[in-house]
*Asks:* 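Mind having a look at this structure? Questions to follow.
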Amino acid sequence: MTPFLALALSLLMIGTAFLSGIFGMAGGLILIGVLLTLFPVPTAMVLHAVTQMASNGWRTVLWWRHVGWSSLVFYVAGCLISVGLWSITLYVPDKPMALLLLGLSPFVIRAMPERILPRRFGPLQVAITGLLSMALMLVTGVTGPLLDTMFLRSPLDRKRIIATKAACQVFGHGFKLFYFGALIEQAGEIPPWFLGVAVTSSIIGTSLGRFLLERLTDTQFRVWSNRLITALASYYVGYGLVLLVGIA
């Protein structure tokens with residue numbers, strides 16, 4: 001971890017946390033793509049988990065009045081089941097597969113019939129979302145497109161989406177940190193001093209994003225969130241295919 005790389009990553013983390021502070025999404029997608037390019041998969045996952053726990057944790061504090069606490073309980077239950085099942089194999093994907101699955105997930109969700117993905121967030125739906133999201137997180141590093149799409153399909157307003165999703169993500173990334181930092185054989189390692197830089201950068205970016213979110217309407221929030229998801233997902237599908245066929 002050279003000083004130049006540390007500075008560049010710090011600025012990137014501020015920028016991606018700022019984006020997530022506005023939309024509650026997209027920032028983590030960009031960050032994990034860069035980290036997977038620079039580091040081995042376990043190291044990228046550990047660093048991403050720390051930054052996202054800081055970013056989402058601070059976002060939860062900022063919007064705590066809007067958190068749907070009952071939804072959080074069922075989401076965490078689904079995550080725990082998924083981690084338990086995944087720990088049987090301790091699978092770690094290669095980069096092309098991680099990027100492909102990351103990019104394809106929102107398109108798969110959008111293609112599913114309405115009866116499978118109803119527009120409500122009852123306990124069963126939230127628990128299943130937690131189970132599937134955690135599985136995707138352990139393969140790609142983020143639940144991003146899957147969880148984002150599920151929340152955008154719900155009738156919740158933008159502040160409740162931001163707050164509840166942030167609280168869910170704190171636990172999700174915490175489980176990911178445990179998996180890639182302790183459970184697997186070749187656990188990821190990050191210099192302790194840079195973990196402090198990552199946490200500070202994430203909090204700064206998240207705080208800045210709050211001011212712009214206040215100025216968005218619910219309609220603008222949903223429109224731009226969907227556009228960001230589509231653009232990023234398309235990029236990761238393309239990048240994953242390029243790596244898979246060995247062009248780059």
*Asks:* Tell me, do Arg160 and Asp157 make a side-chain contact under 4.5 Å, heavy atoms counted?
*Replies:* yes

*Asks:* Checking the side chain of Ser82 only, and the main-chain atoms of Ala135 only, is there a donor and an acceptor separated by less than 3.5 Å?
*Replies:* yes

*Asks:* If Ile, Leu, Val, Met, Phe, Trp and Tyr residues are connected whenever their side-chain heavy atoms lie under 4.5 Å apart, and connections chain through other members, are Trp64 and Leu72 in the same group?
*Replies:* no

*Asks:* Roughly how far apart are Phe74 CZ and Leu124 CG, rounded to 0.5 Å?
*Replies:* 9.5 Å

*Asks:* Is any side-chain heavy atom of Leu243 closer than 4.5 Å to one of Tyr239?
*Replies:* yes

*Asks:* Please report the closest heavy-atom contact between Phe175 and Val83, naming both atoms and the distance.
*Replies:* CB-CG2, 3.8 Å

*Asks:* When you measure from the side chain of Thr200 to the backbone of Val197, do you find a donor-acceptor pair of N or O atoms at a distance under 3.5 Å?
*Replies:* no

*Asks:* Do Phe171 and Leu80 come within less than 4.5 Å of each other through their side chains, counting heavy atoms only?
*Replies:* no

*Asks:* What is the distance from atom NZ of Lys176 to atom CE of Met134, rounded to the nearest 0.5 Å?
*Replies:* 7.5 Å

*Asks:* Roughly how far, to the nearest 0.5 Å, is CG of Leu62 from CD1 of Ile162?
*Replies:* 10.5 Å

*Asks:* Is the side chain of Gln52 donor-acceptor paired with the backbone N or O of Ala49 at a distance under 3.5 Å, no angle test?
*Replies:* no

*Asks:* According to a hydrophobic-cluster definition based on side-chain heavy atoms being under 4.5 Å apart (Ile, Leu, Val, Met, Phe, Trp, Tyr only), do Ile30 and Leu7 belong together?
*Replies:* no

*Asks:* Please list, chain by chain and in numerical order, all residues satisfying ring-ring contact (aromatic ring centres under 6.0 Å, His included) with Trp63, sequence neighbours excluded.
*Replies:* His66

*Asks:* Provide the closest heavy-atom pair for Leu47 versus Ala198 in the form atom of the first, atom of the second, distance.
*Replies:* CD1-CB, 4.2 Å

*Asks:* So do the side chains of His173 and His48 get within less than 4.5 Å of each other, counting heavy atoms only?
*Replies:* yes

*Asks:* Say you draw a straight line from CD of Gln220 to CH2 of Trp224; how long is it, rounded to the nearest 0.5 Å?
*Replies:* 9.5 Å

*Asks:* Is any side-chain heavy atom of Leu241 closer than 4.5 Å to a side-chain heavy atom of Val237?
*Replies:* yes

*Asks:* Test your reading of the model: is there a side-chain donor-acceptor pair from Ser10 to the backbone of Ala6, 3.5 Å cut-off?
*Replies:* no

*Asks:* Is there a path of hydrophobic side-chain contacts, each under 4.5 Å between heavy atoms, that joins Leu131 and Ile88?
*Replies:* no

*Asks:* Residues in side-chain hydrogen bond (donor to acceptor under 3.5 Å, both in side chains) with Thr51, at least two apart?
*Replies:* none

*Asks:* Taking the side chain as every heavy atom from C-beta outward, state whether Thr60 and Thr164 have any pair of such atoms under 4.5 Å apart.
*Replies:* no

*Asks:* Look only at the side chain of Thr43 and the backbone of Phe39, and say whether a donor-acceptor pair between them is shorter than 3.5 Å.
*Replies:* no

*Asks:* Considering only heavy atoms from C-beta outward, does the side chain of Gln169 approach that of Arg59 to under 4.5 Å?
*Replies:* no

*Asks:* Please say yes or no: joined through hydrophobic side-chain contacts below 4.5 Å, possibly via intermediate residues, are Leu5 and Phe194 part of one cluster?
*Replies:* yes

*Asks:* With a 4.5 Å cut-off on side-chain heavy-atom distances among I, L, V, M, F, W and Y, is there a chain of contacts connecting Trp193 to Leu12?
*Replies:* yes

*Asks:* Hey, which of Leu177, Leu35, Leu195 is the one that makes side-chain contact (heavy atoms from CB on, under 4.5 Å) with Val46?
*Replies:* Leu177

*Asks:* Hey, are the side chains of Tyr236 and Leu104 touching, using non-hydrogen atoms and a 4.5 Å cut-off?
*Replies:* no

*Asks:* Under a plain distance cut-off of 3.5 Å, with no hydrogens placed, do Ser202 and Trp58 share a side-chain donor-acceptor pair?
*Replies:* no

*Asks:* If you take all heavy atoms of Tyr75 and Ser133, which pair is closest and at what distance?
*Replies:* OH-CB, 3.5 Å

*Asks:* So, taking the atom named CG in Leu132 and the one named CD1 in Ile81, what distance separates them when rounded to the nearest 0.5 Å?
*Replies:* 11.0 Å

